[in-house]
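This report refers to the structure that appears directly beneath it.
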Amino acid sequence: MDADSDVALDILITNVVCVFRTRCHLNLRKIALEGANVIYKRDVGKVLMKLRKPRITATIWSSGKVICTGATSEEEAKLGARRLARSLQKLGFQVIFTDFKVVNVLAVCNMPFEIRLPEFTKNNRPHASYEPELHPAVCYRIKTLRATLQIFSTGSITVTG
């Protein structure tokens, strides 16, 4: 590939995971019976609730902790979390939306070329690890950014952080 040919890379955010607290105890049985789009996992002690717009899935524990997954931006994650808190309020709980925090972001990117994983690992030894018997990708960790890249030989890169 020529140095003067610039190729724009499309980095696509596929999942934003956030967490918030309701500051009240939640009756999971009541949520399961009266809520919409709910799956009650009694053996694990949690409820899964899905929203259509924004498209998120929330894991709700009786302690009041809620984890939301599936959003494609921080704004969408916050909007979905607030809508979920509002739906819990409508079920009769004294929900106070607090401690909202984005805990993980997942993005994907495709390089326009293939990557030779053994050479890449050898040249980036302290940060990169490659165990082809365990996983088909190089795990590249950036400690300063607290990010992990999964680099595949096809040129596909998955970034978590």
Side-chain angles (χ1 to χ4, degrees), residues 7-112 115 127-131 134-161:
V7 177
L9 292 176
D10 289 334
I11 299 172
L12 181 69
I13 295 176
T14 57
N15 191 10
V16 176
V17 181
C18 66
V19 57
F20 72 93
R21 296 198 178 274
T22 62
R23 289 181 59 184
C24 71
H25 180 78
L26 300 172
N27 183 346
L28 298 182
R29 183 169 157 71
K30 181 177 180 179
I31 296 170
L33 292 173
E34 298 176 15
N37 297 325
V38 174
I39 301 169
Y40 185 25
K41 305 263 186 175
R42 196 174 81 199
D43 53 325
V44 188
K46 66 181 179 182
V47 167
L48 298 176
M49 183 181 277
K50 295 188 178 203
L51 295 180
R52 289 189 183 148
K53 198 168 185 181
R55 186 179 297 274
I56 64 163
T57 301
T59 306
I60 305 167
W61 280 275
S62 62
S63 65
K65 182 178 181 181
V66 181
I67 298 177
C68 299
T69 60
T72 55
S73 69
E74 186 176 345
E75 297 81 27
E76 192 175 285
K78 188 162 190 173
L79 176 68
R82 292 190 69 83
R83 284 199 57 215
L84 191 93
R86 185 73 180 127
S87 67
L88 290 173
Q89 282 178 342
K90 287 180 180 176
L91 291 174
F93 298 105
Q94 300 294 315
V95 172
I96 301 169
F97 185 80
T98 57
D99 301 334
F100 176 82
K101 184 167 62 169
V102 173
V103 292
N104 200 355
V105 177
L106 182 93
V108 293
C109 170
N110 286 315
M111 302 303 261
I115 301 169
H127 302 290
S129 68
Y130 179 49
E131 297 291 336
L134 301 176
H135 190 60
V138 170
C139 182
Y140 188 90
R141 296 190 198 289
I142 305 171
K143 288 197 168 116
T144 55
L145 298 175
R146 289 174 40 202
T148 302
L149 285 76
Q150 296 289 325
I151 303 168
F152 294 89
S153 62
T154 60
S156 176
I157 299 175
T158 304
V159 183
T160 358

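Everything numeric in this text was worked out from a predicted model, so none of it was measured.
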Is there a side-chain contact (heavy atoms from CB on, under 4.5 Å) between Leu106 and Thr158 once you walk through the steps?
-> CA-CA 7 Å; Leu106 182 93; Thr158 304; 3.6 Å; yes
Restricting to side chain to side chain contact (heavy atoms under 4.5 Å, CB included), what partner residues turn up for [X], sequence neighbours left out?
{"X": "Gln89", "value": "Arg86, Val95"}
{"X": "Leu12", "value": "Thr14, Val108"}
{"X": "Leu91", "value": "Ile31, Glu34, Leu88, Phe93"}

Qualifying side chain to side chain donor-acceptor pair (under 3.5 Å) pairs with a residue from residues 41-52, counting only residues at least two apart or across chains = none
Shortest non-hydrogen contact from [X] to [Y]?
{"X": "Leu84", "Y": "Ala58", "result": "CD2-CB, 3.5 Å"}
{"X": "Lys65", "Y": "Val19", "result": "CE-CG2, 3.6 Å"}
{"X": "Gly70", "Y": "Glu76", "result": "O-OE2, 4.4 Å"}
{"X": "Leu26", "Y": "Gly64", "result": "CD1-CA, 3.9 Å"}
{"X": "Tyr130", "Y": "Ala137", "result": "CD1-O, 3.6 Å"}
{"X": "Val16", "Y": "Ala77", "result": "CG1-CB, 3.9 Å"}

Rounded to the nearest 0.5 Å, what's the gap from [atom1] on [X] to [atom2] on [Y]? Could you check?
{"X": "Ile13", "Y": "Cys109", "atom1": "CD1", "atom2": "SG", "result": "12.0 Å"}
{"X": "Phe152", "Y": "Met111", "atom1": "CZ", "atom2": "CE", "result": "14.0 Å"}
{"X": "Ile96", "Y": "Arg21", "atom1": "CD1", "atom2": "CZ", "result": "13.5 Å"}
{"X": "Asp10", "Y": "Asn110", "atom1": "CG", "atom2": "CG", "result": "9.0 Å"}
{"X": "Ile11", "Y": "Ile157", "atom1": "CD1", "atom2": "CD1", "result": "8.5 Å"}
{"X": "Ile56", "Y": "Ile67", "atom1": "CD1", "atom2": "CD1", "result": "12.0 Å"}

Validation: residues 138-151 side-chain donor-acceptor distances under 3.5 Å, sequence neighbours left out:
residue	atom	partner	partner atom	Å
Arg141	NH1	Thr148	OG1	3.4
Gln150	OE1	His135	NE2	3.1

Verdict with reasoning, Ile115 to Ser153, per side-chain contact (heavy atoms from CB on, under 4.5 Å) = CA-CA 5 Å; Ile115 301 169; Ser153 62; 5.7 Å; no
Evaluate whether atom NZ of Lys90 has more than 12 neighbouring non-hydrogen atoms of other residues, nucleotides or ligands under 6.0 angstrom away.
-> no
Note, Leu51 side chain near Asn37 side chain (heavy atom, < 4.5 Å) | no
Residue pairs fulfilling ring-ring contact (aromatic ring centres under 6.0 Å, His included) with at least one residue in residues 17-75, sequence neighbours excluded = Phe20-Phe97
